[in-house]
4 protein chains.
Amino acid sequence: MNRKKSEKYNRIIAAATKMFAEKGYYKTRISEIAREAGIADGTIYIYFSHKDQILIALFEEKMQEVLDNMKRQIGLEDDPLAKIERFALTHLRLIEDNKDMAEIIQVELRQSSKFMKNYHNLKFSQYLDLIEDIIREGQKKNLIKKEVIPSIAKRAFFGALDEMSRYWVLSKSHKYDIETAAKQINSYFIHGIKT
Amino acid sequence: MNRKKSEKYNRIIAAATKMFAEKGYYKTRISEIAREAGIADGTIYIYFSHKDQILIALFEEKMQEVLDNMKRQIGLEDDPLAKIERFALTHLRLIEDNKDMAEIIQVELRQSSKFMKNYHNLKFSQYLDLIEDIIREGQKKNLIKKEVIPSIAKRAFFGALDEMSRYWVLSKSHKYDIETAAKQINSYFIHGIKT
Amino acid sequence: MNRKKSEKYNRIIAAATKMFAEKGYYKTRISEIAREAGIADGTIYIYFSHKDQILIALFEEKMQEVLDNMKRQIGLEDDPLAKIERFALTHLRLIEDNKDMAEIIQVELRQSSKFMKNYHNLKFSQYLDLIEDIIREGQKKNLIKKEVIPSIAKRAFFGALDEMSRYWVLSKSHKYDIETAAKQINSYFIHGIKT
Amino acid sequence: MNRKKSEKYNRIIAAATKMFAEKGYYKTRISEIAREAGIADGTIYIYFSHKDQILIALFEEKMQEVLDNMKRQIGLEDDPLAKIERFALTHLRLIEDNKDMAEIIQVELRQSSKFMKNYHNLKFSQYLDLIEDIIREGQKKNLIKKEVIPSIAKRAFFGALDEMSRYWVLSKSHKYDIETAAKQINSYFIHGIKT
DNA sequence: GATGAATGAGTATTCATTCAT
DNA sequence: CATGAATGAATACTCATTCAT
């Protein structure tokens, strides 16, 4: 549907992902992204008007991928509780497979509101809303307690996964694997909300 | 209990807390902190060798308070499950009462590792470990399932609260109050882990 | 013989020579050098990593010229005593023709060791050694007394010329000309050391 | 004749002599001089209005001593040529005994004109003039050639000694001693100018 | 489109000097 | 007299952005 983005554009996004993850947005120099992408500094400004536009584009691109992937995965299940389980596993696997991106979302997304006035992260909201929708569906089917407030539950569940991700991204070695972590979190949460 | 830090030192920390929360660490100018504290730029350097030392001191000071307060609150309960409930409520109330500090912890703490080499946030680990200890205690008393892995559970629980906090800090209006949020999260989590 | 340095590089060296001579290294601002060179402040940092690198480059460039020129001049004479005479005249003429450079060498070279750790002025040593070599040659040919210690004589002779130069550089008007001064110094020194 | 300077004043001069010799005027901090003198920063401003006044006072004090000492030494001889010999030996011995002061005179005196507008170093001129006077006296007594121009000769002779001093101050080890150096320089110069 | 040299606004930090105690 | 905490002007250096080639 989107026409294919130019190759240089993608090279810049890839280089920025690597550098931002490594050094953070502020400590990364435009010239470092250019070097990493194998192009001249000035070339970046043909594709992006300002440094912060690279970060925004990067968010949008990655989040779209993540969102599409998650929708596909959830679509494979019928049972809302199974969907929730799959959400957790898919999310954590994604983190494991995309550490750079995960680190940027963990770190830079959180401060982005400080320097990017009026940037609202729509994609991220949509991602969270996938959980909310599943919970509502579960409540309709009487699989999830009526007392559960979906907008709170989505944040609680996502927060649990997200904190787990932070640990994954920041620590070098881990005592347990992704599957175990996903299973544990699912177990707490599903027992906690199901009827 | 702590010997009183110099009045200027405290004024700088207070001014930095306000400014960092408002504009973020990088966007905040030393001169803005000085103006907010009602002192000259140079005076800051009598108390802090570098800009980043203000942020570090701020973390340490605030986390110590938070940690002390939480220990006091938990100490009021005997039952591990009641301790967990109190943890959640205390944490969220703290966030509500200290939005500036909460925002800094949410935002700046996460990126701090990027620009502060070898700064390890010991206090934060200790805070998380309070949860782990409660869970182990609960398991000993047969109140919490043996299958629960404490180091995963602490992150899941804290993550849930933390994501809730983020929402609290960033949004202007909320559909429900802190007590409701705390009750919901406790309900999910405690049902999820208790025997 | 040297490949041509970039034009901007040369403009910076020329501007720095003028400014350092006029105000001294410490009192000269980077922005003044830039203005004098007709470029932006930042441009200087494309060519030099630090302010002191300009001074070092300036020394090296000038001393190389001076050294090459002196070797050429000395080469024109066969007799060691004639070489010494030509050294004096060439040195003083050089000072007269390059007051700015002379002033920098007089003033800044002397303090350079204070702020430029491990900068050793090799070219300057080589320049002094030209005198030492001539004296040794003169001793071999029995034109100069064996008792003369070349390493002392070179300093005595150079020092005499150098003090003369200082007077030339610092005073506005002079009672006698360069040729007279050179002749006088040669006369004292050559009578003093010849057999 | 001078009323005795206050003890603190002398302590400051002594501390400044040490620090300026070690690090140079510009690199020396007022606070370093104060620490070295064992007093508070502010106290320096009771005795000196500005940093550069310390350097000027230091010059004046030291040069007065040097001048008085040299006059006394020269007064011990009757023969102009013997006076010259004694000048050289006295000067070099002084350097050897007062390395800090020697270094300051070598280095800082030379750049002082850059930052001290209208500071004219009268004492230094008087010191040089001692040589000129001896030469004139020698010419009157027919001991020194009439062709010798005293104002050139004084600079040549002083320059030779001064360059020797620089070597003494800057080098750690020396191949020959002060007496040898003085004897050599005297030998060149006296043979060079005597009738 | 692509380049990379040049720009110059922007800022953390220093340190001589002051002055209330 | 002596202090030393406070001041704030001053400046080297950085780096996002531009634009002539």
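Proteins come first, then strands; the chains are lettered A, B, ... in the order of their sequence lines, and each starts at number 1.
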Tell me whether the guanidinium CZ or amine NZ of K27(D) lies under 6.0 angstrom from the six-membered ring centre of F20(D) and within 45° of its axis.
no
For L55(B) and dA12(E), what is the distance between atoms CG and P respectively, to the nearest whole Å?
14 Å
Walk me through it: do I30(B) and I54(B) pass the test side chain to side chain contact (heavy atoms under 4.5 Å, CB included)?
CA-CA 10 Å; I30(B) 285 287; I54(B) 307 177; 4.2 Å; yes
Mind checking whether K62(B) and N98(B) have side chains closer than 4.5 Å, heavy atoms only?
no
Nearest-Å distance, CZ (F48(C)) to P (dA5(E))?
15 Å
Starting at atom CD1 of I46(C), determine the distance to atom P of dC13(F), rounded to an integer number of angstrom.
15 Å
How long is the line joining OH of Y9(C) and P of dA6(E), in whole Å?
15 Å
Under 6.0 Å between the ring centres of F48(D) and Y9(D)?
yes
Contacts of E36(C) that satisfy side-chain contact (heavy atoms from CB on, under 4.5 Å) - sequence neighbours left out:
A15(C), K18(C), M19(C)
Atom CD1 of I33(C) and atom P of dA6(E): how far apart are they, to the nearest Å?
17 Å
Could you tell me which residues satisfy salt bridge (Lys or Arg N to Asp or Glu O under 4.0 Å) with R11(A), sequence neighbours excluded, listed by chain and number?
E7(A)
Whole-Å distance, R35(C) CZ to dA6(E) C1', equals 18 Å
Identify the stems formed by DNA chain E, where each pair is Watson-Crick or G-U wobble with both distances under 3.5 angstrom and a stem is at least 3 consecutive pairs.
E:2-21 with F:2-21
In B/S/- notation, 5' to 3', how is nucleotides 13-21 of chain E contacted by protein heavy atoms closer than 4.0 Å?
BBSSBB---
Under the salt bridge (Lys or Arg N to Asp or Glu O under 4.0 Å) rule, collect the residues that match up with K123(B), sequence neighbours excluded.
E60(B)
Can you confirm whether the side chains of E108(A) and Y26(A) place a donor and an acceptor under 3.5 Å from each other?
no
Would you kindly give the CD1-to-C1' distance between I39(C) and dC13(F), to the nearest whole Å?
14 Å
Compare side-chain N and O positions of K8(B) against OP1 and OP2 of dA5(F) and report whether any pair is under 4.0 Å apart.
no
Indicate, with a heavy-atom threshold strictly under 4.0 Å, whether Y47(D) touches base, sugar-phosphate, or nothing.
sugar-phosphate
Without decimals, in angstroms, what is the distance between I44(D) CD1 and dT3(F) P?
10 Å
Does anything in residues 39-50 of chain D pair up under side chain to side chain donor-acceptor pair (under 3.5 Å), and if so which pairs, sequence neighbours excluded?
none
